[in-house]
Amino acid sequence: MKNIGIIINPNAKKFRTGKASIDQYMNLKTENVFVSAPKNLIELKETAKTFKKMHPDYLCIGGGDGTIQLVLTELLNEFYPDPIPPVLILREGTMNNIARSVNLKGRGPALLKKMIQKIKEGKDIEFEERFTIKVSNSYCFLFGTGFVTNFLNKAYSGKEKGLKRNLQVALMCICDSFRKNEDCEIFKLTEQAVFVDGKRILINPVSGILAGTVEHIGMGFSPLIDAVQPNGKFQIIVIGMNPAVIVKSLNKLRTGKKIKSPKYLNITGKTLKIKQKGIFEYTMDGELYNTENELIISIGPKVTLVKI
C-alpha cells in the first residue's frame, strides 16, 4: 500500500463551521495514511519538513483555494529542487476553483476513500499537470489586482465568506457602476505601468488585472479559457475600461470571450510586472496581500493533480 500524507486546514470554512470533521480523516482504518492539521504557519512549515523526510507517494490537501496556495508554497519550497508528490484536493473550503479545473466531484473523505480503493485494487489513477504562478517566494494558480481585490475586500467584509455574500457584492457593483461610473468603488481606475514578458502594455490607467493557470474563478465565471498552456505560460487579462463598459461586457468576461477595445488585453506570457506608486493590494487564490511600488509575477513549477 502506498503512503498518503494529508494536510488539513482546521480554519477552512467547512471544518470551522462543523460541516466537515478532522476526525473523519484521523479515524481512517489504515496505517498508510498520515494526517496533519497545522494550526498556524509555523506548524505548517514543520509538517512540510516532516513530509519531505517521509516523501509520501501522494499528498492530500483539505481546504479551499486559499489553503492550497499556502500549503503548496511550503511544500514546493521545502521539496525544491525535487517535485512534490501528486496532490489530491479534498474540496473542503469556500472556493474550490483549482479542484474544479480537474473536474473533481464530491468532497473530503469520499474522494480520499475512492483513491485509497483504487490503490488497493491496483487500478490506474489519472493525473493532470498544472503550472503554478510564482509571486515573490509564494505559489498560486490565480492572481489578481484592482477590481479583483476590491471585490474580495467587499465580499470578505461580511459575516461569512460564501456565495450569498458574493452575490450581494456583485449586485452592489452593478448598481454602483451605473450610478457613479468613474467614481465606482470596485472598478476604479488606477495609474499603473504593466509589462508582459518585458514589453510595456499600452493600457493606463488600469481597472484590473487577472492572471492564472486555471480557467475558473468562481460564481460561474470562467474567464481564463486559455489558462492551461503546455508551454509554460499563463493567461493574462488587463482591463482599463470604465465601470459601466465593464458591467455591460460582463457576460463576455464571464465566458472568456474577447472584447474589442483598446483598453482590453487578453494574452499569455511567462512574466508579468506591475509598477504602481506606493502600497497596492493583490490576491493569490483568493487570499489578499500587500506590496509596494513593484511586483513581478512569473511562471512557477508544475504540480501534478490527482483526478478521481
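Just so it is clear, the values below take in all heavy atoms, side chains as well, and ignore hydrogens, waters and symmetry mates.
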Judged by atom type as modelled, is there a donor-acceptor pair below 3.5 Å linking the side chain of Asn242 to the main-chain atoms of Val245? yes

In terms of heavy-atom contacts, does CG of Leu41 have more than 12 from other residues, nucleotides or ligands at under 6.0 Å? yes

Kindly say whether Phe131 contributes a backbone atom to a donor-acceptor pair with the side chain of Thr213 at under 3.5 angstrom? yes

Would you confirm whether Asp197, through its side chain, and Lys270, through its main-chain N or O, come within 3.5 Å as a donor-acceptor pair? yes

Write down the atom of Asn251, the atom of Thr255, and the distance for their closest heavy-atom approach. O-OG1, 2.9 Å

Return the set of residues passing ring pair (Phe, Tyr, Trp, His ring centres under 6.0 Å) with Tyr289 (not counting sequence neighbours), or none when no residue passes. Tyr282

Show the nearest heavy-atom pair for residues Ala48 and Glu78, with the distance to one decimal. O-CG, 3.5 Å

Going by the side-chain hydrogen bond (donor to acceptor under 3.5 Å, both in side chains) test, which pairs reach into residues 292-306, not counting sequence neighbours? Glu129-Lys302

Any donor and acceptor pair, going by atom type alone, linking the side chain of Asn40 with main-chain N or O of Glu43 inside 3.5 Å? yes

When you measure from the side chain of Arg200 to the backbone N and O of Ala193, does any donor-acceptor pair fall under 3.5 Å? no

Using the side chain to side chain contact (heavy atoms under 4.5 Å, CB included) definition, which of the options Asn266, Leu210, Ile239 pairs with Leu253? Ile239

Around atom NZ of Lys118, are there more than 12 heavy atoms of other residues, nucleotides or ligands at under 6.0 Å? yes

Quick one: does any side-chain atom of Thr149 pair with a main-chain N or O of Thr145 as donor and acceptor, under 3.5 Å? no

Taking everything shown except Lys252 itself, do over 12 heavy atoms lie less than 6.0 Å from its NZ? no

Tell me, please, which residues at least two apart from Ser207 pass side-chain hydrogen bond (donor to acceptor under 3.5 Å, both in side chains). none

Determine the minimum heavy-atom distance between Ile236 and Thr271, stating which atoms define it. CD1-O, 4.4 Å

Could you tell me which non-hydrogen atom of Pro10 sits nearest to which non-hydrogen atom of Ile22, and how far apart they are? CB-CD1, 3.8 Å

Backbone of Glu215 reached by a side-chain donor or acceptor of Ser222 within 3.5 Å: no

Does the Asp285 side chain pair with the main chain of Phe141, one donor and one acceptor, at a distance under 3.5 Å? yes

Please, which pairs that meet salt bridge (Lys or Arg N to Asp or Glu O under 4.0 Å) have at least one residue in residues 65-76, sequence neighbours excluded? Lys45-Glu74

Does anything in residues 68-93 form a ring pair (Phe, Tyr, Trp, His ring centres under 6.0 Å)? List the pairs, not counting sequence neighbours. His55-Phe79

Return the minimal non-hydrogen interatomic distance between Ser138 and Met284, and the atom names on each side. CB-CE, 3.7 Å

What I'd like to find out is whether the side chain of Phe34 reaches to under 4.5 Å of the side chain of Asn3, using heavy atoms alone. yes

Close side-chain approach of Asn32 to Tyr58, heavy-atom, < 4.5 Å: no

Working note: Asp226 + Gln229, criterion side-chain contact (heavy atoms from CB on, under 4.5 Å); need CA distance, chi angles, decisive distance, verdict. CA-CA 7 Å; Asp226 298 319; Gln229 295 284 326; 3.9 Å; yes

Residues Arg107, Glu92: salt bridge by 4.0 Å N-O rule: yes

Between Arg91 and Ala99 the two heavy atoms that sit nearest each other are CG-CB, 3.5 Å

What residues form a ring pair (Phe, Tyr, Trp, His ring centres under 6.0 Å) with Tyr139, not counting sequence neighbours? none

Please check this pair: side chain of Asn77 against backbone of Asn137, looking for a donor-acceptor N/O pair closer than 3.5 Å. yes

Residue Lys52 excluded, over 12 heavy atoms near NZ under 6.0 Å: yes

I'd like to know if Ile296 and Leu272 are part of one continuous hydrophobic network [Ile/Leu/Val/Met/Phe/Trp/Tyr, side-chain heavy atoms within less than 4.5 Å]. no

Is Ile225 linked to Ile217 within one hydrophobic cluster, defined over Ile, Leu, Val, Met, Phe, Trp and Tyr using a side-chain heavy-atom separation of less than 4.5 Å? no

Non-hydrogen side-chain atoms of Phe195 and Ile201 separated by less than 4.5 Å: no

Could you tell me whether a side-chain N or O of Thr283 sits under 3.5 Å from a main-chain N or O of Glu287, the two making a donor and an acceptor? yes

State whether the number of non-hydrogen atoms from other residues, nucleotides or ligands found under 6.0 Å of Lys263 atom NZ is greater than 12. no

Could you tell me if Asn97 and Arg100 have a donor-acceptor pair between their side chains, going purely by distance under 3.5 Å? no

